[in-house]
**Q** 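Take a look at this one; I'll ask things after.
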Amino acid sequence: MSTRIDRLVTSGTFSLDGGTWEVDNNVWIVGDDHEAVVIDAAHDADAIAEAVGDRRLRAILCTHAHNDHVDAAPALADRTGAPIWLHPDDLPLWHMTHPDRQPDRWLEDGQVIETAGTDLTVLHTPGHAPGAVCLYAPGLTTVFTGDTLFQGGPGATGRSFSHFPTIVASVRDRLLTLPPDTVVRTGHGDTTTIGAEAPHLDEWIARGH
């Protein structure tokens, strides 16, 4: 059974530095008819569990720990038994949302997580958040970028725990070096490709995106 990628859009709020904003998040489900992983359990554990269906959920992978990407993770984990994976550098952000719950396992740069015969390689891409990661699936010609890279540029760096030069280095060195036809599946909004974004790096730097 071939591996497929399903997208679920959930809605809620993002809160940091005293502000709160309405957001729509992409929840990505990677798997086949028997098993899957969820990338970014956002807002609605029931909707995510319904989208997973009767498949075995092997892992809940967090691209970073902003509340809008992890708020439904514990409820989904409790419901399915799947472990929550997070990069340890994002633990301070995680505890802002879940002070009484630890992630179950740690993501590490270069680690490979397998589901349904597909390998997801962890790329540590700090900048939007210290522990931000992207998940590269060469067999699916896809990279899941969370809030590190979007259609039109890198993720926001105007709030706590973020740093513009760091995210530029992450995008330049870890993402734009991937094959140009790699589909970029983002944490919010539409997909793009590495080839579509790569020519604009100097523009992003010049405007301090």
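Note that the coordinates shown come from a computational prediction; the quantities given were computed from them, not determined experimentally.
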**Q** Holding to side-chain contact (heavy atoms from CB on, under 4.5 Å), I want the full list of residues that pass it with Thr192, two or more places apart in sequence or in another chain.
**A**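 Result, side-chain contact (heavy atoms from CB on, under 4.5 Å) vs Thr192: Gln151, Val184, Ala196, Glu197.
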
**Q** Output, in order, the C-alpha distance, side-chain angles, deciding distance and verdict of side-chain contact (heavy atoms from CB on, under 4.5 Å) for Ser162 and Ile167.
**A** CA-CA 8 Å; Ser162 64; Ile167 200 171; over 6 Å; no

**Q** Determine whether a donor-acceptor pair (N or O, by modelled atom type, separation under 3.5 Å) exists between the side chain of Asp24 and the backbone of Ser11.
**A**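 Between the backbone of Ser11 and the side chain of Asp24 there is no qualifying donor-acceptor contact (under 3.5 Å).
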
**Q** For the side chain of Trp28 and the backbone of Val37, is there at least one donor-acceptor N/O pair under 3.5 Å apart?
**A** no

**Q** Hey, any chance Val38 and Trp85 share a hydrophobic cluster, counting ILVMFWY side chains that come within less than 4.5 Å of each other, even indirectly?
**A** no

**Q** Please confirm whether the backbone N or O of Val143 pairs with a side-chain atom of Thr182, one donor and one acceptor, at under 3.5 Å?
**A** no

**Q** Can a donor-acceptor pair be found between the side chains of Thr63 and Asp40 at a distance below 3.5 Å?
**A**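 Yes - a donor-acceptor pair under 3.5 Å links their side chains.
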
**Q** Which pair of heavy atoms, one from Val133 and one from His124, lies closest together, and at what distance?
**A**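 Looking at all heavy atoms of both residues, the shortest contact is CG1-CA, 4.2 Å.
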
**Q** Output all residues satisfying side-chain contact (heavy atoms from CB on, under 4.5 Å) with Thr80, sequence neighbours left out; order by chain, then residue number.
**A**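 Scan of Thr80 (side-chain contact (heavy atoms from CB on, under 4.5 Å), adjacent residues dropped) gives Leu57, Leu76, Ala82.
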
**Q** Any chance you could measure Leu61, atom CG, to Arg105, atom CZ, to the nearest 0.5 Å?
**A**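 Separation between the atoms: 10.5 Å.
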
**Q** With a 4.5 Å cut-off on side-chain heavy-atom distances among I, L, V, M, F, W and Y, is there a chain of contacts connecting Val112 to Leu175?
**A**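 No, no single cluster joins them.
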
**Q** Mind listing the closest non-hydrogen atom pair of Leu93 and Ala129 along with its distance?
**A** CD1-CB, 3.8 Å

**Q** Working to the nearest 0.5 angstrom, can you tell me the gap between Thr193 OG1 and Leu178 CG?
**A** 11.5 Å

**Q** When clusters are formed by joining ILVMFWY residues with side-chain heavy atoms under 4.5 Å apart, either directly or through shared neighbours, do Trp106 and Leu123 land in the same one?
**A** no

**Q** Atom CD1 of Ile194 and atom OG1 of Thr177: how far apart are they, to the nearest 0.5 Å?
**A**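 That separation rounds to 8.0 Å.
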
**Q** When the ring planes of His128 and His64 are compared, do they come out parallel, tilted or perpendicular, using 30° and 60° as the limits?
**A** perpendicular

**Q** For Asp90 and Ala65, indicate whether the former's side chain and the latter's backbone hold a donor-acceptor pair under 3.5 Å.
**A** yes

**Q** Decide yes or no on side-chain contact (heavy atoms from CB on, under 4.5 Å) for His87 and Asp109, but give the supporting numbers first.
**A** CA-CA 9 Å; His87 192 283; Asp109 186 62; 5.7 Å; no

**Q** Is it the case that Asp147 and His66 place a side-chain donor and acceptor less than 3.5 Å from each other?
**A**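 No pair is found: no donor N or O on one side chain lies under 3.5 Å from an acceptor on the other.
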
**Q** Could you tell me if Thr20 and Ser15 have a donor-acceptor pair between their side chains, going purely by distance under 3.5 Å?
**A**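 Yes, Thr20 and Ser15 have a side-chain donor paired with an acceptor closer than 3.5 Å.
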
**Q** Ala45 and Ala72: which non-hydrogen atoms are nearest, and at how many Å?
**A** N-CB, 3.7 Å

**Q** Can you classify the ring geometry of His188 versus His69 as parallel (below 30°), tilted (30 to 60°) or perpendicular (above 60°)?
**A** perpendicular

**Q** Can you tell me how far the CG atom of Leu135 sits from the CG atom of Asp119, to the nearest 0.5 Å?
**A** 12.0 Å

**Q** Is a salt bridge present between Arg55 and Asp32, judged by a nitrogen-to-oxygen distance below 4.0 Å?
**A** no

**Q** Take Val171 and Leu176 through the test side-chain contact (heavy atoms from CB on, under 4.5 Å) and record every step on the way to the result.
**A** CA-CA 6 Å; Val171 170; Leu176 299 188; 3.8 Å; yes

**Q** Side chains of Ile60 and Asp104: closer than 4.5 Å at any heavy-atom pair?
**A** no

**Q** Test of understanding: clusters of I, L, V, M, F, W, Y form through side-chain heavy atoms closer than 4.5 Å, transitively. Do Ile5 and Ile39 belong to the same one?
**A** yes

**Q** Tell me if a side-chain donor or acceptor on Glu203 pairs with a main-chain N or O of His200 at a distance below 3.5 Å.
**A** no

**Q** Please check: side-chain N/O of Asn26 versus main-chain N/O of Arg7, any donor-acceptor pairing under 3.5 Å?
**A** no

**Q** Examine Ile29 and Val122 and state if one hydrophobic cluster contains both, with Ile, Leu, Val, Met, Phe, Trp and Tyr joined whenever side-chain heavy atoms are less than 4.5 Å apart.
**A** no

**Q** Assess whether side-chain contact (heavy atoms from CB on, under 4.5 Å) is satisfied between Trp204 and Val168, documenting all intermediate values.
**A** CA-CA 8 Å; Trp204 304 336; Val168 166; 5.7 Å; no

**Q** State the CG-CZ distance between Asp17 and Phe161, to the nearest 0.5 angstrom.
**A**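 Here the rounded value is 8.5 Å.
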
**Q** Got a donor-acceptor contact below 3.5 angstrom from the Glu35 side chain to the Arg56 backbone?
**A** no

